[in-house]
Amino acid sequence: MNFFMKGIWFPVMFVTAFLTVYVVLSFLSFDRIVATMFFISPFLVIWMVYRVLKDGKPSGRNFSEYFYDDVDYRRLPDES
């Protein structure tokens, strides 16, 4: 089980799959299952956020140089 907990891909994929099942079941009117999943979902989101913040790797860019982390657009220098 420890193999699956390495990194952040498992929590992100698990919570995404959980959300997908939740949405599908809500359209199919499985009310009791949807209500149970609704009460479980905050704990799963907290677990996912904890794992991402604990095991995620920072990019090395800061906000004063780059406005977006995923685009190579440099900020203009502050003229004040």
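All values reported here derive from a predicted model rather than from experimental measurement. The chain is numbered in sequence order, starting from 1.
Tracing side-chain contacts under 4.5 Å through hydrophobic residues (I, L, V, M, F, W, Y), one reaches Phe38 starting from Ile40; they form part of the same cluster. Hydrophobic clustering of Ile, Leu, Val, Met, Phe, Trp and Tyr side chains at less than 4.5 Å, counting indirect connections, keeps Leu53 apart from Ile46. Both Phe39 and Met37 belong to a common hydrophobic cluster when Ile, Leu, Val, Met, Phe, Trp and Tyr are linked at side-chain heavy-atom distances under 4.5 angstrom.
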Could you give the side-chain donor-acceptor pairs of residues 11-28 under 3.5 Å, partners two or more places apart or in another chain?
unit_1, atom_1, unit_2, atom_2, d
Thr16, OG1, Val12, O, 2.7
Thr20, OG1, Thr16, O, 2.9
Ser26, OG, Tyr22, O, 3.4
Ser26, OG, Val23, O, 2.7

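The line from CD1 of Ile8 to CE of Met48 is 10.0 Å long, rounded to the nearest 0.5 Å.
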